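In what follows, every chain begins at residue 1, and chains take the letters A, B, ... in the order their sequences are listed. Note that this is a predicted model, so its numbers are computed, not measured.
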2 protein chains.
Amino acid sequence: MKPTRLHKLPDALRKELHQARLSRGWSQLELGRRVGLPQMHVSAIETGRTVPRFDTLLELVRVLDRDLVLVPRALVPAVNALVRDYRRQEGKADDVGEETSLYADDGSETPRGTM
Amino acid sequence: MKPTRLHKLPDALRKELHQARLSRGWSQLELGRRVGLPQMHVSAIETGRTVPRFDTLLELVRVLDRDLVLVPRALVPAVNALVRDYRRQEGKADDVGEETSLYADDGSETPRGTM
DNA sequence: GATACTGATATAGGATTCCATATGAAACCC
DNA sequence: GGGTTTCATATGGAATCCTATATCAGTATC
C-alpha cells in the first residue's frame, strides 16, 4: 500500500541528462569515465531502469555543467522561466530545447494521496 | 583512488532540510510518516550518515513544500538570489535564513581533479 | 519517581545501487 | 567482409540504502 517513493527519475530530468550529454558529443562511456561510472550504469540511469543516489546524480549533472538546486515550490515557475530565458539568449544551439519542470510529466503529482 | 562520488549530502542541503522540518513543527517521526520513511532513516539522512536515493530525497523536499530543480551552472547565483529575495518578502518567519548554493560548503568543488 | 516525546544509535535482513566484465545489435567507416 | 563506435543487456558480487524493532539520553510534565 505504502507508495514507497517514485522509484524512478522524473522523465524530464532523464531527457535533460540525455540531451546534455549528446550536445557535448559524449558517449555514455565518456560520460561515465568522467564521473567514475561504468557505461552500463549510465545506460541504466538514462533509460530509467535505475534510480541513482543523490550524490551520483549530482556528479552527473555537474560534469554536464548543471546543478541541482533546492527551491521553494512557489518559486519553481519563476526559476523555470529564468532557465528558459537563459537558453534562448545564451545557449541557443548549446543544448536541447526543454525546460519543463521536474513536476508535470512524471505522472504522479501527489503519490501518497494522504490529503 | 577513484573519488567515487561525494558520498554525502551537501551540508547546506542537510541544514535546509532540518530547518524546514522544524519550521513546520514536525518531528522526525512525523516527517517520516508522511513519506513512508522510518524515523531512524530520517535521522540518518539529517545527520549525514547516509546519502538517500534521488527519489527519496525528492519525496522529502516536496513534503516540505520545496523542489529540486536542474539549472545551468551559470544560473545558480541568479536562482539563489531569487530564493533569497522570496524569503525576505514572503517567508519572513517561515523558515531558516539560509540560501547558500549546493556548491560552496561541501568542501569538494572539483572532487575528481581531472581538469 | 513515573510517563511521554524527541532524537540518535544498534542490530539484522531485504532490496537495490553500483562495480567489473562480457555479449549482442545497430550504425558507421574502410 | 572486416573493423570501429555506440548503446542495451546479462551475470556475479560488493556496498549501502531501506525496513523493522529496540535501546538510550535528554527534556518536559505530572
Side-chain angles (χ1 to χ4, degrees), chain A residues 1-11 13-64 68 96 106 108 111-112 114, chain B residues 1-11 13-64 68 96 106 108 111-112 114:
Chain A
M1 253 279 96
K2 220 182 302 172
T4 24
R5 241 70 357 102
L6 294 159
H7 227 85
K8 69 189 201 63
L9 280 186
D11 291 341
L13 185 50
R14 280 199 2 247
K15 268 194 282 192
E16 259 252 28
L17 228 50
H18 180 70
Q19 290 295 337
R21 177 176 63 79
L22 290 188
S23 74
R24 317 228 149 188
W26 290 353
S27 65
Q28 292 180 340
L29 189 66
E30 171 71 13
L31 175 58
R33 195 186 56 73
R34 289 176 184 252
V35 297
L37 239 58
Q39 175 264 331
M40 169 213 173
H41 205 183
V42 176
S43 166
I45 292 173
E46 277 191 1
T47 57
R49 213 160 54 258
T50 198
V51 179
R53 269 187 284 151
F54 181 76
D55 54 349
T56 302
L57 185 60
L58 194 54
E59 287 289 310
L60 280 174
V61 303
R62 282 183 175 178
V63 185
L64 294 169
L68 288 166
V96 67
D106 58 334
S108 55
R112 78 208 55 74
T114 56
Chain B
M1 260 276 96
K2 219 183 300 170
T4 23
R5 239 77 345 108
L6 295 159
H7 224 87
K8 70 191 200 60
L9 280 185
D11 291 342
L13 185 49
R14 283 206 350 256
K15 269 194 281 192
E16 260 253 29
L17 226 51
H18 179 71
Q19 291 295 337
R21 177 176 63 79
L22 290 188
S23 74
R24 315 226 147 189
W26 291 353
S27 66
Q28 292 179 341
L29 188 66
E30 170 71 12
L31 175 59
R33 195 186 56 73
R34 291 178 184 249
V35 297
L37 237 58
Q39 175 266 332
M40 171 216 173
H41 206 182
V42 176
S43 166
I45 292 173
E46 277 191 0
T47 57
R49 217 162 48 258
T50 198
V51 179
R53 267 188 285 152
F54 180 77
D55 54 349
T56 303
L57 185 61
L58 194 55
E59 287 288 310
L60 280 174
V61 304
R62 282 182 176 179
V63 185
L64 294 169
L68 288 167
V96 66
D106 58 333
S108 53
R112 80 206 53 72
T114 56

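The separation between B:Q39 atom CD and C:dC5 atom P is 14 Å, rounded to whole Å. The nearest whole Å value for the distance from the CD atom in A:E30 to the P atom in D:dC7 is 11 Å. Between the C1' atom of C:dT17 and the CG atom of A:L57 lies a distance of 13 Å, rounded to the nearest Å. The distance from atom CG of A:D55 to atom P of D:dT16 is 10 Å, rounded to the nearest whole Å. In this structure, A:K8 atom NZ and C:dT17 atom C1' are separated by 18 Å, rounded to whole Å. In this structure, A:R33 atom CZ and D:dT5 atom C1' are separated by 16 Å, rounded to whole Å. With rounding to whole Å, A:L29 atom CG is found 13 Å from C:dA20 atom C1'. Between the CZ atom of B:R21 and the C1' atom of C:dG7 there is a distance of 8 Å, rounded to whole Å.
Rounding to the nearest 0.5 Å gives a distance of 6.0 Å between CZ of A:R24 and CG of A:L64. Going from atom CG of A:L37 over to atom CG of A:L29 covers 11.0 Å, rounded to the nearest 0.5 Å. Separating the CD1 atom in B:I45 from the CG atom in B:L31 is a distance of 8.5 Å, to the nearest 0.5 Å. Atoms CG and CG, on B:L60 and B:L13 in that order, are 10.0 Å from each other to the nearest 0.5 Å. In this structure, B:T47 OG1 and B:H18 NE2 are separated by 10.5 Å, a value rounded to the nearest 0.5 Å. For the atom pair CZ of A:R14 and CG of A:L57, the computed distance is 12.0 Å after rounding to the nearest 0.5 Å.
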Requested in this report: Spell out protein contact along nucleotides 24-30 of chain C as letters: B when the base is contacted, S when just the sugar-phosphate is, - when no protein heavy atom is under 4.0 Å; keep the 5' to 3' order.
Outcome: -------

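Taking only side-chain nitrogens and oxygens, A:R53 comes nearer than 4.0 Å to OP1 or OP2 of C:dC18. Residue B:H41 places at least one side-chain N or O closer than 4.0 Å to OP1 or OP2 of D:dT19.
With sequence neighbours left out, the side-chain contact (heavy atoms from CB on, under 4.5 Å) criterion links B:Q28 to B:R21, B:Q39, B:V42, B:S43, B:E46. Partners of A:R49 under the salt bridge (Lys or Arg N to Asp or Glu O under 4.0 Å) rule, at least two apart in sequence or in another chain, do not exist in this structure.
With the end axes of the helix from C:dC19-D:dG12 to C:dC30-D:dG1 each set by five pairs, the angle from one to the other reads 10° at 10° resolution.
Closest non-hydrogen pair, B:R53 versus A:V51, comes out as CD-O, 3.7 Å.
No hydrogens or angles were tested; on distance alone, nothing pairs the side chain of B:Q28 with the base of C:dA8 as donor and acceptor under 3.5 Å.
Applying a 4.0 Å cut-off to non-hydrogen atoms, the residues of residues 43-50 of chain A that approach DNA chain C are A:T50, listed by residue number.
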Can you name the atoms? Protein N/O to nucleotides 12-15 of chain C N/O, anything below 3.5 Å, with the distance.
none

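No contact: B:V42 has no heavy atom under 4.0 Å from any strand.
Picking from C:dT6, C:dT9, D:dT19 the nucleotide with the shortest atom distance to the side chain of B:L37 gives D:dT19.
Salt bridge status for B:R62 with B:E59: absent, with no side-chain N to carboxylate O gap under 4.0 Å.
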